[in-house]
Peer 1: 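Below is the structure I would like to discuss, written out as structure tokens.
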Amino acid sequence: MADFLTPQHEDFSKWYNEIVQKADLADYSPVRGSMVIKPYGYTLWERIRDELDRRFKDTGHVNAYFPLLIPMSFLEKETEHVEGFSPELAVVTHGGGAELEEPLVIRPTSETIIGHMYAKWIQSYRDLPLLINQWANVVRWEMRTRLFLRTTEFLWQEGHTAHATRQEAVDETLRMLDVYTDFAVKEAAIPVIQGRKSESEKFAGAIASYTIEGMMRDGKALQSGTSHFLGQNFARAFDIQFLDENNEKQHAWTTSWGVSTRMVGAVVMAHGDDQGLVLPPHLAPIQVVIVPIWRKDAERAEVLAAAERIRARLKGLVRVEMDRREGYSPGWKFNDWEMRGVPVRIEIGPRDVANQTVMVARRDVPGREGKALLSMAELESQLPLLLEGIQTAIYNKALAFRDSHIIDVNSYDELKEAIETGFARAWWAGSTADETAIKEDCKATVRCIPTDQPGGAGVCIYSGNPATEVAIFGKSY
RNA sequence: CGGGGCAUAGCGCAGCUUGGUAGCGCGCACGGUUCGGGUCCGUGAGGUCUGCGGUUCAAAUCCGCAUGCCCCGACCA
């Protein structure tokens, strides 16, 4: 057992804080609430970024970059938007040694500046749809911060699109939600629940917000991506108008959608165990690590040479590293790489060199059961299959965990019990006030109204009103 | 921003009650030993005790103020 890491069941938050730092994902910075993303953590983010970016481009989007600084007055153009964001704005009041005439805000999100530009760029229905994404940093002065989950500054992508019709914009909103779901399932191996946010949880200025909600290993929910249908709210505020086929002026219909570095936290908390990280092979910065083992100097040269030959053969096929560090015992290295979540470890010692074999250990199956002897000749053919197998196994494990922690409840008391260990699913037709009351009573919120509905009708768990939809309740990060 | 806690070596902590030579574990450096699941031994480097002010012959220790961090609430990708 790992005594260098707090067990999850003892204190999940502590486990999280420790593993993020010990696995070299991130470190605290001198400025309150912000963090340094270290190379290992950043590489993981790059993997997330590349997989998302590929999907955005496959669905017709292009990347651009809009500025960090936004005139304060822009935020004020959309009433709900400014009300939602003003408490968490960082404002620049001075520049060049003088006080600015108009304060600039550091973007908390870019709807406003992009809306302003779209108004200039869009004149005709022929200019639509406009499908732009940007990779950027944003700043929100959060009251309480946690590494990756909620930092003052974070990295994300924000897609902003404009369309000629309501239906097109709604379709886009849902298409991107599907893209996020596809990413979460196939790459992050997180079985998310996609659905619509309740009125009280939706984005400031949106008509409707959609979300993918993941379940972490402590049963709590983490919103891992959102997609917003903004209607014509921002188009009106920023005067994004175009002439349609009939030469009539119309306001454009816009959407926005984002996934942030919080996704790193989701991967950590959805799969990690008491030994440390468990990274899905598709996202792991290092997929295979080779640990050479020797006793005497003569063995050392022989083993290192054999290990190096294997590394050279696998390079290009998988993301592989060799652990050449001196002065650490093999056992120490095993634990170290397990903590870092590397999916596959190849152990190679004098015995293996003699037999032309290696010991292959998989991270997702702890102890001896996870180890298997493999002939060196089979590495190229077997490793990619093994990595895919691990990817699937990690997903299935997370899926089984999630499904066994969602309870269909028929009373409010049952709901309160269910959200202590996971999610509760219930008929829902309550008001915003009901939601607030529930939150104050037991800290649970409507995580989403799932896309996937049972159909039929029922009785609202809280208000007793007739209900046509079920909602997922849970405690969240 | 309300409530609570903490601040001493890179990290985790003891010392503070009862003021008097600043310590332990891990890590780090060097040497040896070990190496198929966090080896063991030795030597060594490393601290204006968060800052400012006060009390005192004397302050890590007592008092005041400030700052930062952590936890619980309200806010949130």
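Throughout, protein chains are lettered first and strands after them, A, B, ... in sequence-line order, and every chain is numbered starting at 1.
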Peer 1: Does B:rU61 pair with anything, Watson-Crick or G-U wobble, both distances under 3.5 Å, and if so, with which nucleotide?
Peer 2: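 Looking at the geometry, B:rU61 pairs with no nucleotide.
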
Peer 1: Looking for any heavy atom pair under 4.0 Å, which part of the strands does A:F203 touch: base, sugar-phosphate only, or nothing?
Peer 2: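 A:F203: no heavy atom of the nucleic acid under 4.0 Å.
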
Peer 1: Determine the Euclidean distance between corresponding P atoms of B:rA22 and B:rG47; express it in Å to zero decimal places.
Peer 2: 14 Å

Peer 1: Give one of base, sugar-phosphate or nothing for A:T151, where a contact means two heavy atoms less than 4.0 Å apart.
Peer 2: base

Peer 1: Could you check how far CG of A:N355 sits from C1' of B:rG36, rounded to whole Å?
Peer 2: 13 Å

Peer 1: Please determine whether salt bridge (Lys or Arg N to Asp or Glu O under 4.0 Å) holds for the pair A:E187 and A:R55, giving the CA-CA distance in whole Å, both sets of side-chain angles, and the decisive distance to 0.1 Å.
Peer 2: CA-CA 12 Å; A:E187 316 299 349; A:R55 286 171 167 79; 2.7 Å; yes

Peer 1: Given 3.5 Å as the limit, does a donor-acceptor pair link the side chain of A:R150 with the main chain of A:E142, or not?
Peer 2: no

Peer 1: How many Å lie between NZ on A:K371 and P on B:rG36, as a whole number?
Peer 2: 10 Å

Peer 1: Round to the nearest Å and state the distance from A:Q134 atom CD to B:rA77 atom P.
Peer 2: 17 Å

Peer 1: Any luck finding a side-chain donor-acceptor pair between A:D218 and A:Y477 under 3.5 Å?
Peer 2: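 A:Y477 and A:D218 do have a side-chain donor-acceptor pair below 3.5 Å.
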
Peer 1: Which protein N or O atoms sit under 3.5 Å from an N or O of nucleotides 25-31 of chain B?
Peer 2:
unit_1 : atom_1 : unit_2 : atom_2 : d
B:rC28 : OP1    : A:Y328 : OH     : 3.1

Peer 1: With respect to the side chain of A:M359, which nucleotide from B:rG36, B:rU39, B:rC70 is positioned closest?
Peer 2: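 Ranking B:rG36, B:rU39, B:rC70 by closest atom to the A:M359 side chain puts B:rG36 first.
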
Peer 1: Below 4.0 angstrom, which residues in residues 285-306 of chain A have at least one non-hydrogen atom near RNA chain B?
Peer 2: A:I293, A:W294, A:R295

Peer 1: Does A:R262 make a cation-pi contact with A:F154, if we ask for NZ or CZ under 6.0 Å from the ring centre and within 45° of the axis?
Peer 2: no

Peer 1: Under 3.5 Å, is there a donor-acceptor pair between the side chain of A:R217 and the main chain of A:Q8?
Peer 2: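 Not at all, since once roles are kept as given, no pair shorter than 3.5 Å links the two residues.
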
Peer 1: Partner of B:rG46 by Watson-Crick or G-U wobble geometry, both contacts under 3.5 Å, or none?
Peer 2: none

Peer 1: Can you identify which nucleotide, out of B:rA77, B:rU39, B:rG36, has its nearest atom closest to the A:D352 side chain?
Peer 2: B:rG36

Peer 1: Look through every strand shown and name the nucleotide pairing with B:rG31 as Watson-Crick or G-U wobble, where both distances are under 3.5 Å.
Peer 2: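 Result: B:rC41.
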
Peer 1: Look through every strand shown and name the nucleotide pairing with B:rG73 as Watson-Crick or G-U wobble, where both distances are under 3.5 Å.
Peer 2: B:rC1

Peer 1: Examine the base of B:rG37 for any acceptor or donor lying under 3.5 Å from a partner atom in the side chain of A:R345, and report the outcome as yes or no.
Peer 2: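 Under the 3.5 Å cut-off, the side chain and the base do form a donor-acceptor pair.
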
Peer 1: Can you tell me the base-pairing partner of B:rG23? Count Watson-Crick or G-U wobble geometry only, both distances below 3.5 Å, and say none if there is no partner.
Peer 2: B:rC13

Peer 1: Is A:Q21 touching bases, backbone alone, or none of the nucleic acid, heavy atoms closer than 4.0 Å?
Peer 2: nothing

Peer 1: With no hydrogens and no angle check, just 3.5 Å: does a side-chain donor-acceptor pair link A:S34 and A:E153?
Peer 2: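 Side-chain D/A pair, A:S34 to A:E153: absent.
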
Peer 1: Please report the distance, rounded to the nearest Å, between CG in A:L89 and P in B:rC1.
Peer 2: 16 Å

Peer 1: Ignoring hydrogens and geometry, is there a side-chain-to-backbone donor-acceptor pair from A:H228 to A:A204 under 3.5 Å?
Peer 2: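 Judged by distance alone, no pair lies under 3.5 Å.
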
Peer 1: Atom CD of A:E83 to atom P of B:rC76: distance rounded to whole Å?
Peer 2: 12 Å

Peer 1: Distance check needed: B:rG37 C1' versus A:Q275 CD, whole Å only.
Peer 2: 10 Å

Peer 1: Does A:E347 reach a base, just sugar-phosphate, or nothing at all? Heavy atoms under 4.0 Å.
Peer 2: base

Peer 1: According to the Watson-Crick and G-U wobble definitions, with both distances under 3.5 Å, which nucleotide is paired to B:rG68?
Peer 2: B:rC6

Peer 1: Got a sec? Which of residues 253-270 of chain A come in under 4.0 Å of RNA chain B, heavy atoms?
Peer 2: A:S260, A:R262

Peer 1: Specify the separation, in whole Å, of atom CZ of A:R146 and atom P of B:rG73.
Peer 2: 12 Å

Peer 1: Do A:D178 and A:T181 have side-chain atoms, one donor and one acceptor, less than 3.5 Å apart?
Peer 2: no

Peer 1: Just compare B:rG73, B:rU39, B:rC75 and give me whichever is closest to any side-chain atom of A:E88.
Peer 2: B:rC75

Peer 1: Is the positively charged end of A:R345 above the ring of A:F334, judged by distance under 6.0 angstrom from the centroid and angle within 45° of the axis?
Peer 2: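 Yes, A:R345 lies over the aromatic ring of A:F334.
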
Peer 1: Return yes if a side-chain donor-acceptor contact under 3.5 Å exists between A:T6 and A:E18, otherwise no.
Peer 2: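 Yes, A:E18 and A:T6 have a side-chain donor paired with an acceptor closer than 3.5 Å.
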
Peer 1: Whole angstroms only, please: what is the NZ-C1' distance between A:K475 and B:rA74?
Peer 2: 17 Å

